[in-house]
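Note that the structure is a prediction, hence the values are computed from the model and not measured. Computed over heavy atoms, backbone and side chain alike; hydrogens, waters and symmetry mates excluded. FYI, the numbering just counts along the sequence from 1. Whatever order the structure lists ligands and atoms in, that order sets their numbers, starting from 1.
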Amino acid sequence: LEAKEEFSHKTLAMDVMRPRRNDPPLTVITQDSMTVEDIETIINETTYSGYPVVVSRESQRLVGFVLRRDLIISIENARKKQDGIVSTSIIYFTDHSPPLPPSSPSMLKLRSILDLSPFTVTDQTPMEIVVDIFRKLGLRQCLVTHNGKLLGIITKKDVLKHIAQLANQDPDSILFN
Ligand code: ADP
């Protein structure tokens with residue numbers, strides 16, 4: 001009985017992940033349909049350390065995770081050194097380039113900077129377990145899914161803030177930190 005009571009108070013991954021209710025949606029990159037310009041806009045308008053890559057906006061199926069700094073370096077390099085890369089060039093993270101009309105500009109393959117197995121937990125995972133995973137695996141971020149669809153992200157800083165909040169709520173726990 002006690003254990004059950006305790007469980008009902010537990011914070012879950014979905015309570016800590018971003019976006020929060022009423023926040024704008026997660027900033028994601030699609031695997032083979034965004035242009036150089038689309039992705040440069042994301043880089044310029046957000047400051048996140050990384051972006052989940054999904055099959056498509058409709059599916060929200062997770063493909064991997066790409067770091068902001070790797071995107072910036074790769075696009076800068078390609079614009080300077082790779083023939084035919086322009087603002088309207090499609091960037092793809094898949095094995096093969098998407099089928100496009102022959103008249104389309106050269107495409108830019110960025111599969112090599114994609115982390116194909118980013119750590120994920122489901123939205124119902126207790127935060128206690130998430131904190132443990134962050135500690136033991138030294139994670140920087142973790143993605144949150146529901147029924148195989150991408151829902152959100154938890155960064156190391158999000159976890160640290162969550163721990164600090166718990167410490168404020170529960171004076172006893174400060175003694176152990
Ligand atoms: P940090 O948490 O270290 O500041 P970020 O700058 O990557 O790292 O993230 C800032 C906040 O935005 C965090 O609360 C995180 O959960 C959230 N966040 C991170 N990446 C994204 C993203 N691609 N789309 C929306 N929110 C994100």
Side-chain angles (χ1 to χ4, degrees), residues 10-78 87 89-94 108-169 173 177:
K10 268 201 182 129
T11 314
L12 304 176
M14 62 177 295
D15 304 319
V16 174
M17 70 172 201
R18 306 305 160 107
R20 290 284 168 82
R21 226 184 284 271
N22 300 326
D23 278 355
L26 204 60
T27 301
V28 299
I29 291 175
T30 55
Q31 66 174 353
D32 62 0
S33 59
M34 290 175 79
T35 62
V36 166
E37 191 176 17
D38 291 336
I39 294 183
E40 283 173 340
T41 302
I42 286 181
I43 289 169
N44 291 330
E45 292 183 351
T46 66
T47 58
Y48 306 126
S49 320
Y51 308 92
V53 175
V54 294
V55 172
S56 63
R57 276 187 198 289
E58 306 74 57
S59 74
Q60 288 294 313
R61 297 264 158 211
L62 183 65
V63 174
F65 191 78
V66 65
L67 290 178
R68 172 196 181 77
R69 59 161 189 270
D70 291 341
L71 271 178
I72 292 174
I73 293 169
S74 302
I75 293 175
E76 253 178 34
N77 261 332
S87 296
S89 294
I90 292 285
I91 291 185
Y92 66 101
F93 296 89
T94 46
L108 175 55
K109 181 171 183 170
L110 290 186
R111 190 173 178 81
S112 61
I113 61 167
L114 184 64
D115 175 0
L116 285 163
S117 37
F119 211 90
T120 62
V121 295
T122 69
D123 56 342
Q124 298 300 313
T125 310
M127 273 312 288
E128 203 180 302
I129 292 175
V130 175
V131 169
D132 217 39
I133 294 171
F134 265 83
R135 286 207 176 111
K136 288 187 174 143
L137 301 184
L139 297 183
R140 304 302 308 260
Q141 69 275 314
C142 175
L143 298 172
V144 182
T145 60
H146 179 82
N147 287 341
K149 287 190 180 191
L150 179 64
L151 263 199
I153 185 167
I154 300 174
T155 65
K156 183 176 169 181
K157 221 181 255 178
D158 294 330
V159 170
L160 291 174
K161 277 187 214 155
H162 167 70
I163 293 172
Q165 260 179 9
L166 287 185
N168 283 336
Q169 281 165 12
S173 68
N177 281 334

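- Residue Met127 is tested with Ile154, Asp15, Leu166 for a side chain to side chain contact (heavy atoms under 4.5 Å, CB included); the sole match is Ile154.
- In this structure, the protein non-hydrogen atom closest to atom 5 (P) of ligand 1 is Ser49 OG, 3.7 Å.
- Residues Ile91 and Met34 fail the side-chain proximity criterion, which asks for heavy atoms closer than 4.5 Å.
- Heavy atoms of Pro52 found under 4.0 angstrom from ligand 1 belong exclusively to the side chain.
- Ranking the protein heavy atoms by distance from atom 9 (O) of ligand 1 puts Tyr48 CD2, 3.9 Å first.
- No N or O atom of Tyr51 sits closer than 3.5 Å to an N or O atom of ligand 1.
- Here the closest non-hydrogen pair linking Leu110 and Ser74 is CD2-CB, 3.6 Å.
- Between Arg18, Lys157, Arg20, it is Arg18 that holds the heavy atom closest to atom 17 (C) of ligand 1.
- For atom 2 (O) of ligand 1, the nearest protein heavy atom (residue, atom name, distance) is Thr155 OG1, 2.6 Å.
- The protein heavy-atom contact nearest to atom 14 (O) of ligand 1 is Asp158 OD1, 2.7 Å.
- Side-chain atoms of Arg57 do not come within 3.5 Å of backbone N or O of Thr30 as any donor-acceptor pair.
- Counting heavy atoms from C-beta outward, Leu12 and Asp123 have side chains that stay 4.5 Å or more apart.
- Proximity of a side-chain donor or acceptor of Asp158 to a complementary backbone N or O of Thr155 within less than 3.5 Å is detected.
- Given atom 24 (N) of ligand 1, the protein heavy atom at minimum distance is Thr27 N, 2.9 Å.
- Asp38 and Thr41 form no side-chain donor-acceptor contact under 3.5 Å, judged by distance and modelled atom types alone.
- Listed by atom number, the atoms of ligand 1 under 4.0 Å from Gly50 heavy atoms are 20 (N), 23 (N).
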